[in-house]
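Below is one structure, written out as structure tokens, with a few remarks after it.
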Amino acid sequence: MDPTGQKYFTIIDYVIFALLLVASMAIGLYYAFTGGRQSTTQEFMYADRSMKCLPLSLSLMATFQSAVAIIGTPAEVYANGTQYWFIGCCYILGLLIPAHIFIPMFYRLHLTSVYQYLELRFCKAVRICGTVTFIFQMVIYMGVGIYTPALALNAVTGFHLWGAVLATGLVCTLYTALGGLKAVVWTDVFQTVVMFTGQLAVIIVGVHQAGGLSDAWVKVRDGGRISGIDLNPDPTVRHTFWTLGVGGVFLMLSLYGVNQAQVQRYLSSRTEKEAVMSCYMVFPCLQVALMLSCLMGLVMYACYGNNSPLEQQYITSKDQMVLYFVMDMLQNFPGLPGLFVACLFSASLSTISSAFNSLATVTMVDLIKPHYSMTEARATLLSKMLALSYGIICVAMAYVVHLMNSSVLQAALSIFGMVGGPLLGLFCLGIFFPCANSIGAVTGLAAGLVMAFWVGIGGFLSRMPSSVQVLPLNSTNTVLAASENITVFAVIDAASRPAGLNGLYSLSYMWYSALNSSTVVLIGLIISFMTAACLLERLTEKTQLDSQKPKINGNGKEDAGTEEETETFLPSNVVSPVEHETSV
């Protein structure tokens, strides 16, 4: 074994990786020059609402099956066993609720942007707040999503860092800007096949290297990597059945219920029934993706046992573990490392292209169109330019991430997960609570974001290495937007339980979405009741004044005053701001 841990690609590996980029670009060019040639915003943003459920379901799965998940999940299973596999339980409610509540409502409203609902339900200010929050969330993750796999690849193989970033960023930007949503969906389908093929090939060869299926099973069983159900109700424990199976439901709802990238795919379906069916079909796709990632972690343990390459100092981060395993154990199989790298960057491309398309859509529909009138042709051209601009921003964000240290990088990844909870809470406030008003919605969203950053960043800082001996543990969310890859530190002295703020900071990251969305709903309802009570009191006072009999002047006639005075003192068209809102 090479003590430096440095491995190298062969010509075949480079060719396979290049073929992935060429094929993705070819799909984009095909849809740019066929059909309607992306000449309308309806075709560019929503594929003329003509997509079938099978490609949509694969695209829905690929959107948040990021490279961070493919790298992090096997490393998590290698280090801590299969407890994380129980996150698959949350997929049931996490997809049933969107299929029967969110999708029918959004589809019947004929929305273009999911944040249009917020204006229909509340007001334009709430819509803008939701849009800006989503843009902030996705822009941060774009750079991280494209930089993380390139950095791991560079560290293990010496593959040129910025060559990988620029190649994937450029290809992704071009096929998204040229081919629109159709190109994004069909490249997602192609990239999903590459992802599954690459992972399956690595698992098969890895099992062979470990001595066969039975030997591999004995090794992982004796090594304690087969976990049972942990029913510990403590919310500060990182992974239990409750944190994964219940806390994960809120995370799934923020991703598959109210995220623009996913809702845009639902709305591109030919019918509402096909949109619901595509959501159903995501379930087996996600289960297969989760199974392959977890099996890779078990195969890695069967090959290495407790002799971790990290402990042997062949690598410097657990994020490099999977790529090191591929290059180390499979180097005698030319082309297989290249296939897995293609699998890894397929996950990155599918996530980033979805971000470009959804960001261009919300920017155009929510921030530009309401203020500027333009022709259809100009609106389509501007949408393509926005997608191109976000591609450039993505590469720029990758450079910003490069300038950060690892701690800030982990914080940036966690921000992506933290912002989704408040947005989920905002939509739940509007859908399930007709009494909520716009003031409560804006205040609740602000409170949810404050809670998210307070608990998330505060918890991250509280777990930073200190004079107390700590043990690094890697924690990765396989569906993430999240999409989060947070390195936490478990204090060796487990007997001391956190209390006060430390108890809040120790909350498992899987509960972040639940906490933040609940904060939005709770604060939003309180403020709504308070403002409604104040408004009711004012209206009551005006009604009493209106009901008073007018005074009689000296001539025995009613002193009605001038028309101008009457209208100034008591307008006849007093309408509550709440009456302008709906309970859609």
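Residues take their numbers from the sequence shown, with the count starting at 1. Quick caveat: nothing in here was measured; it's all calculated off a predicted structure.
A donor-acceptor contact under 3.5 angstrom links the side chains of T361 and Q264, judged on distance only. Counted by atom type alone, N307 and E311 present zero donor-acceptor pairs between their side chains at under 3.5 Å. One side chain, T63 or S354, offers a donor N or O that lies under 3.5 Å from an acceptor on the other.
Note that OH of Y256 and CG of N259 are 9.5 Å apart. Values are rounded to the nearest 0.5 Å. Between atom CZ of residue F250 and atom CH2 of residue W511 there is a gap of 7.0 Å, rounded to the nearest 0.5 Å. Atom CD of residue Q209 and atom CG of residue D328 lie 9.5 Å apart, to the nearest 0.5 angstrom.
Applying the 6.0 Å contact sphere to CZ of F196 captures more than 12 heavy atoms from other residues, nucleotides or ligands. Within 6.0 Å of CG on L213 lie no more than 12 heavy atoms contributed by other residues, nucleotides or ligands. The environment of W242 atom CH2 is sparse: at most 12 non-hydrogen atoms of other residues, nucleotides or ligands sit within 6.0 angstrom. No more than 12 heavy atoms of other residues, nucleotides or ligands shown are found within 6.0 angstrom of NE2 on H208. The neighbour count for M277 CE, taken as heavy atoms of other residues, nucleotides or ligands under 6.0 Å away, does not exceed 12. More than 12 heavy atoms of other residues, nucleotides or ligands shown are found within 6.0 angstrom of CG on L231.
No side-chain donor-acceptor contact under 3.5 Å links Q260 to the backbone of L359. The backbone N or O of P74 sits nowhere less than 3.5 Å from a side-chain atom of S293 that would complete a donor-acceptor pair. Without hydrogens or angle criteria, S227 side chain to T82 main chain gives a donor-acceptor distance under 3.5 Å.
Using a 30° and 60° split on the angle between ring planes, F427 and Y115 fall in the tilted class, from 30° to 60°. Aromatic ring pairs are classed by plane angle as parallel below 30°, tilted from 30° to 60° and perpendicular above 60°; the pair Y78 and Y304 is perpendicular. Taking the six-membered ring where tryptophan is involved, the planes of Y314 and Y324 are essentially parallel, since the angle between them stays under 30° and well short of 60°.
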Between M51 and W186, is a side-chain contact (heavy atoms from CB on, under 4.5 Å) present by the stated rule, with each step listed? CA-CA 10 Å; M51 299 304 298; W186 283 109; 3.6 Å; yes

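The six-membered or imidazole ring of F345 lies near that of F17, with a centre-to-centre distance under 6.0 Å.
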